[in-house]
K.L.:
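Let me begin by handing over the structure; questions about it come next.
Remember, it's 1-based here, ligands and their atoms both numbered in the order they're listed.
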Amino acid sequence: MAFNKICYIVALGLLLPFSYAHTDFFTSIGHMTDLINTEKDLVVSLKDYIKAEESKLEQIKKWAEKLDQLTDTATKDPEGFLGHPVNAFKLMKRLNTEWGELENLVLKDMSDGFISNMTIQRQFFPNDEDQTGAAKALLRLQDTYNLDTDTLSRGNLPGVKHKSFLTAEDCFELGKIAYTEADYYHTELWMEQALKQLDEGEVSSADKVYILDYLSYAVYQQGDLSKAVMLTKRLLELDPEHQRANGNMKYFEYIMAKDKEANKSSTESEDQAEKETEVKKKDYLPERRKYEMLCRGEGLKMTPRRQKRLFCRYYDGNRNPRYILGPVKQEDEWDKPRIVRFLDIISDEEIETVKELAKPRLSRATVHDPETGKLTTAHYRVSKSAWLSGYESPVVSRINTRIQDLTGLDVSTAEELQVANYGVGGQYEPHFDFGRKDEPDAFKELGTGNRIATWLFYMSDVSAGGATVFPEVGASVWPKKGTAVFWYNLFPSGEGDYSTRHAACPVLVGNKWVSNKWLHERGQEFRRPCTLSELE
Ligand code: OGA
Ligand code: FE2
């Protein structure tokens with residue numbers, strides 16, 4: 001499983017500066033806001049075109065009305081009409097020049113401005129990959145947050161400001177994307193939702209026959225033969241000549257007959273085996289399930305006894321002169337591994353500066369593929385990130401110093417400040433920040449040893465979802481703008497602390513900005529001396 005690998009990031013910004021032309025829109029809100037503005041411009045341009053077209057039609061209409069009256073009178077008494085020399089002259093003029101002018105007007109293309117605008121903008125539009133990416137993000141959210149298909153389709157999500165719903169056609173589209181991924185579970189959910197909305201009378205161009213075709217296949221793939229038959233029957237009522245459905249029907253009947261035969265001779269031991277696997281399924285919680293539960297805030301809660309030992313305090317960075325007079329607020333988030341949160345530790349102005357510096361450089365975050373040794377994008381890490389150096393801005397430098405003062409660790413050997421933006425559905429599945437033993441080359445290029453500790457700033461609130469969770473120990477840390485969390489990834493012995501395995505939950509509603517600093521072993525020899533034991 002991909003998310004079982006250790007994933008770490010190398011300073012991509014240093015290796016491939018600005019080399020991305022098209023940048024996976026769906027992975028970050030930052031880039032999508034540009035699209036909203038582009039769309040707004042296009043609407044203005046489209047309205048200009050409509051106005052021009054309307055005024056053209058208006059002129060044509062007037063001409064038609066005038067001519068209508070005139071020809072009416074003329075046809076009633078042609079000779080009398082033409083007996084007037086002015087009428088004779090005007091008829092010549094109209095036929096020789098005016099109708100020609102009208103023809104030109106009718107042929108005149110008013111769409112030039114709009115079309116050229118559109119052509120330019122379309123170069124920067126999302127492509128199929130973006131659309132599929134956004135759809136898959138929706139399906140991922142549905143799983144992680146246990147969202148009922150109908151709730152999602154009606155847009156009833158917690159914390160939403162702009163309610164939006166899916167049409168039957170949208171649901172059909174989602175089902176088709178799931179289908180092309182061979183994800184029949186979601187195909188069934190979404191095709192069924194499309195059908196339900198049509199049955200409820202929604203006016204749509206979505207076709208029930210098509211939907212039933214996909215739906216029955218997805219249901220069959222999941223082993224529910226009798227439901228597949230029922231759906232195929234429904235399809236055949238709508239379209240009795242449907243070739244595939246007729247073929248499937250015969251096939252389903254054949255299989256059902258065969259199953260009945262086999263069932264007669266089935267033994268009790270099979271039932272027993274089935275029961276056993278069911279029990280196993282119930283007790284066994286794979287990491288993915290724990291991760292998703294924690295994301296929903298359903299994780300293991302700490303016992304009250306343990307919770308009582310978590311405190312909050314004013315912290316002066318171990319008598320650091322910069323913090324003696326103005327200590328900072330510090331809270332214990334978790335005991336083992338120890339995770340502390342600093343409150344009001346980065347100001348709104350600093351956050352804005354960091355975001356503005358990062359925005360033009362955001363590119364799809366990558367992970368290190370241990371097999372090929374190369375950086376690649378991965379479905380388990382969906383966000384955009386950029387790296388900021390202390391040299392380029394006094395704000396970044398000030399932030400680095402703050403981290404050094406409050407952790408007591410040398411930041412000169414740390415990686416640059418990483419800024420990450422998660423759009424809706426953006427996530428980072430469970431991983432370790434440190435390099436493991438079987439990956440001795442993990443941070444070789446940096447020459448500063450392993451990632452001893454992680455400092456993570458929350459630079460935005462998140463309307464729903466987006467927690468940082470630790471599935472090994474059952475901790476969920478919720479984003480809160482202006483705060484930061486800190487933990488050690490390594491024991492003082494230098495051994496990796498496997499309980500620090502953590503993940504960034506998918507954003508359900510809103511947008512998540514974080515920045516992190518990975519501190520390294522070198523330089524900490526006297527600040528955090530090594531010991532032989534893992535227990536300290
Ligand atoms: C990371 C990470 C957590 C978060 O980037 O390594 O674990 O909540 N981020 O963004
Ligand atoms: Fe991490």
K.L.:
Going by distance alone, is a donor N or O of one side chain under 3.5 Å from an acceptor N or O of the other, for Asn489 and Asp497?
P.N.:
no

K.L.:
At less than 4.0 angstrom from any non-hydrogen atom of Ala504, what atoms of ligand 1 do you find?
P.N.:
3 (C), 4 (C), 8 (O), 10 (O)

K.L.:
Counting only protein atoms, how many N/O/S atoms are less than 2.8 Å away from the Fe ion (ligand 2)?
P.N.:
3

K.L.:
Got a sec, which residues hit ring-ring contact (aromatic ring centres under 6.0 Å, His included) with Tyr185, two or more places apart in sequence or on another chain?
P.N.:
none

K.L.:
Could you tell me, atom by atom, which parts of ligand 1 come under 4.0 Å of a heavy atom of Lys512?
P.N.:
4 (C), 8 (O), 10 (O)

K.L.:
Under 3.5 Å, is there a donor on one side chain and an acceptor on the other for Asp433 and Thr454?
P.N.:
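Checked: Asp433/Thr454 side chains pair up, N/O donor to acceptor below 3.5 Å.
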
K.L.:
Under 4.0 Å from a heavy atom of Asn516: give me the atoms of ligand 1 that qualify, with their elements.
P.N.:
1 (C), 5 (O)

K.L.:
Just to be sure I read this right, does ligand 1 sit under 4.0 Å from the backbone of Asp433, its side chain, both, or neither, counting only heavy atoms?
P.N.:
side chain

K.L.:
Of all the atoms in ligand 1, which lie at a distance below 4.0 Å from a heavy atom belonging to Tyr422?
P.N.:
4 (C), 9 (N), 10 (O)

K.L.:
Using the ring of Phe434 (Phe, Tyr or Trp, six-membered ring only), decide whether Arg451 places NZ or CZ under 6.0 Å from its centre and within 45 degrees of its axis.
P.N.:
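No, a cation-pi geometry is absent between Arg451 and Phe434.
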
K.L.:
Would you tell me whether Gln197 and Ser204 have side-chain atoms, one donor and one acceptor, within less than 3.5 Å of each other?
P.N.:
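No, no side-chain donor-acceptor pair sits under 3.5 Å.
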
K.L.:
Is Gln418 close to ligand 1, meaning an N/O of one under 3.5 Å from an N/O of the other?
P.N.:
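Between Gln418 and ligand 1 (N or O atoms, distance only) the closest approach is not under 3.5 Å.
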
K.L.:
Using distance alone, determine whether Tyr428 and ligand 1 share an N or O pair under 3.5 Å.
P.N.:
no

K.L.:
Any N or O on Tyr458 sitting closer than 3.5 Å to an N or O of ligand 1?
P.N.:
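No: no nitrogen or oxygen of Tyr458 is under 3.5 Å from one in ligand 1.
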
K.L.:
Number the atoms of ligand 1 from 1 as they appear, then name those within less than 4.0 Å of a heavy atom of Thr468, with their elements.
P.N.:
3 (C), 4 (C), 8 (O)

K.L.:
Please work out, at 4.0 Å between heavy atoms, whether the side chain, the backbone, both, or neither of Trp518 comes within that distance of ligand 1.
P.N.:
side chain

K.L.:
Looking at Tyr488, does the NZ or CZ of Arg528 lie under 6.0 angstrom from its six-membered ring centre and within 45 degrees of the ring axis?
P.N.:
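Yes, a cation-pi geometry holds between Arg528 and Tyr488.
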
K.L.:
I'd like to know if Arg501 pairs up with Glu287 as an ion pair, taking the criterion as any Lys NZ or Arg NE/NH1/NH2 lying under 4.0 Å from an Asp or Glu carboxylate oxygen.
P.N.:
yes

K.L.:
Let me know which of Phe432, Trp334, Trp487 forms a ring pair (Phe, Tyr, Trp, His ring centres under 6.0 Å) with Phe470.
P.N.:
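For Phe470, the ring pair (Phe, Tyr, Trp, His ring centres under 6.0 Å) test succeeds with only one of Phe432, Trp334, Trp487, which is Trp487.
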
K.L.:
For a quick check under 3.5 Å, do Asn516 and Trp518 share a side-chain donor-acceptor pair by atom type?
P.N.:
no

K.L.:
Taking the inter-plane angle between the rings of Trp455 and Phe486 on a 0 to 90° scale, is it parallel (under 30°), tilted (30 to 60°) or perpendicular (over 60°)?
P.N.:
tilted

K.L.:
Please find the pair of heavy atoms, one from Lys517 and one from Ala414, that lie closest to each other, and give the distance.
P.N.:
CE-CB, 3.8 Å

K.L.:
With atoms numbered from 1 as shown, which atoms in ligand 1 lie under 4.0 angstrom from a non-hydrogen atom of His431?
P.N.:
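Going through ligand 1 atom by atom, the ones under 4.0 Å from His431 are 1 (C), 2 (C), 6 (O), 7 (O).
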
